[in-house]
Protein chains: 2
Amino acid sequence: MRYHKIPEETIRRLPVYLRQLMLLCQKDCTNVSSHNFSDLVHIPDSQIRKDFSYFGDFGVRGKGYDVKKLIKEIKRILKLESTRQVALVGAGRLGSAVLSYPGFGSYNFKITCAIDNDKRKIGKKIGNLTIKNASQINSLKKKNIKLAIVATPADAAQDVTNKLVKAGVNGILNFAPCTLTTPKKVKVINIDIAMDLATLSYYLRSA
Amino acid sequence: MRYHKIPEETIRRLPVYLRQLMLLCQKDCTNVSSHNFSDLVHIPDSQIRKDFSYFGDFGVRGKGYDVKKLIKEIKRILKLESTRQVALVGAGRLGSAVLSYPGFGSYNFKITCAIDNDKRKIGKKIGNLTIKNASQINSLKKKNIKLAIVATPADAAQDVTNKLVKAGVNGILNFAPCTLTTPKKVKVINIDIAMDLATLSYYLRSA
DNA sequence: CTCTGTGAAGAAGTTCACAGCA
DNA sequence: TGCTGTGAACTTCTTCACAGAG
């Protein structure tokens, strides 16, 4: 394994691989070839091998990849080995749904801070988490929280984001339907359902 | 404007442009240059000009782009000119949040069918839409519904998807944390919050 | 002058095809 | 034989740089 710059696209695929590997592990599958794996994730086997090869020689020639080993390696690469706290800002319908999303555990994510500035919501409990007011954003630094989910209306999102960045947050998952401006060191991933539907609409054959 | 194959990436950016243009329109901004627009969407101006150029000469040299005209053109390209019905399968917390999401209107999307197979949910109303049982998927063809949102648990998602495809659905927005298998003609966009957080985690500087 | 539209150059990502190890 | 790991070829996407229109 030589040095190569790792493509961003490879990083985006690693969680897909991880999710599928955890599923295989649940089914007591211990070994998988790139060819078989390809059928499961719909990514070409050559792509899968190349993606893994950026990080090391994880496979065994003639045999394939050890599922548990691969899970461990990908978790290490993605820095998912220890529990990672996440803050949620905006506890509306979408935010609340995210809060009670059961899928975070297997990635070691834990939402440990929920924030809203609607006085009717502050103090309420969702699960075992109490919604705090916006001034709590400053405390994220102390708590060493580096990831945040923004689920506020668009007009509040940039303001919230500025505060999050000031509080040391380095990664933002943005559900607000707007483009966020952040320093380069802060990575933002945007999710906009209406935009995704619009993309799908383009690909519909007939009008 | 010569013939060019249109990059998929261009299609993914069109909704971003559209969203921002609608915002500008709201603020009574009537004209915008690729340079100014670039600052708003954080996409290079050369990229913006090239993206538009695939579809026609929408701008005026020395002046920029007419906001309203551009909105109209992009809506036409994305086939968003008339109301498009969307089905929702899975009316759990996430599905319900999507149902009451206010942002679909400006894209002419309307969720006109909500489906779940939990007997406690069937018959309930969310907004002015009654949740129906899974057998209703067959009626999508009659209603000419081509887009669906899958927000079921992972273990139900592939089964639901097969039924949707059989009912003529050509575009699926998948929230279930699994890879869906569909015929090539059916476009799938996946949204998995945990996976996106995992991607963000990679980019965090320190462990 | 300003700003678009666009070939050409460059960068990034994917696929091929096969050497080499089990 | 079966399957990985990987340079090289290829494809796709982005950026440059500038002609040309207003």
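Lettering follows sequence order; numbering is per chain, from 1. The structure displayed is predicted, hence computed values, not measured ones. The analysis underlying the following values was restricted to heavy atoms, covering all of them including side chains, and did not include hydrogens, waters or symmetry mates.
Few gaps surround CZ on A/R13; more than 12 heavy atoms of other groups in view lie less than 6.0 Å from it. Within 6.0 Å of NZ on A/K143 lie more than 12 heavy atoms contributed by other residues, nucleotides or ligands. Atom NE2 of B/H35 sits in a sparse spot, with 12 or fewer heavy atoms from other residues, nucleotides or ligands closer than 6.0 Å.
Distances shorter than 4.0 Å separate none of the side-chain N or O atoms of B/Y54 from OP1 or OP2 on D/dT14. OP1 and OP2 of D/dT14 both lie 4.0 Å or more from every side-chain N or O belonging to B/S46. The phosphate of C/dT4 (OP1 or OP2) has a side-chain N or O of B/S34 nearer than 4.0 angstrom.
With rounding to whole Å, B/D45 atom CG is found 12 Å from C/dG5 atom P. If you take CD1 of A/I48 and C1' of C/dT15, they are 13 Å apart, rounded to a whole angstrom. One interatomic measurement links the two molecules: CG of B/N36 to C1' of C/dT2, which rounds to 12 Å at whole-angstrom precision. Separating the CZ atom of B/R12 from the C1' atom of C/dG13 is a distance of 13 Å, rounded to the nearest angstrom. A straight line from CG of B/D57 to P of C/dG7 spans 11 Å, rounded to a whole angstrom. Protein atom NE2 of B/H35 is 16 Å distant from nucleotide atom P of C/dC1, rounded to whole Å. In this structure, B/D66 places its CG atom 16 Å from P of D/dG22, rounding to the nearest Å. Put simply, CD on B/Q47 is 14 Å from P on C/dA12, counting in whole angstrom units.
Nearest nucleotide to the A/R13 side chain, out of C/dA8, C/dT14, C/dG5: C/dT14. Comparing atom distances between the A/E8 side chain and each of D/dT12, D/dC3, C/dG13 picks out C/dG13 as nearest. Nearest nucleotide to the A/R49 side chain, out of C/dA17, D/dG7, D/dC16: C/dA17. Considering only the side chain of B/R61, D/dG20 comes nearest among D/dT4, D/dG20, D/dT12. Side chain of B/S33, nearest nucleotide from C/dG13, C/dT4, D/dT6: C/dT4.
Residue-to-nucleotide proximity on DNA chain D shows that, of A/S53 and A/K63, the 5′-proximal contact is made by A/K63. In terms of position along DNA chain C, the nucleotide closest to A/K5 lies nearer the 5' end than the nucleotide closest to the other residue of the pair A/K5 and A/K50.
Shown are B/Y17, B/F58, B/F52; of these, the ring-ring contact (aromatic ring centres under 6.0 Å, His included) with B/Y65 is made only by B/F52.
Across all their heavy atoms, B/K141 and B/K166 have their closest contact at NZ-O, 3.4 Å.
Looking at heavy-atom distances under 4.0 Å, B/F52 makes no contact with the nucleic acid at all. Counting non-hydrogen atoms under 4.0 angstrom, A/F58 reaches the backbone sugars and phosphates but no base.
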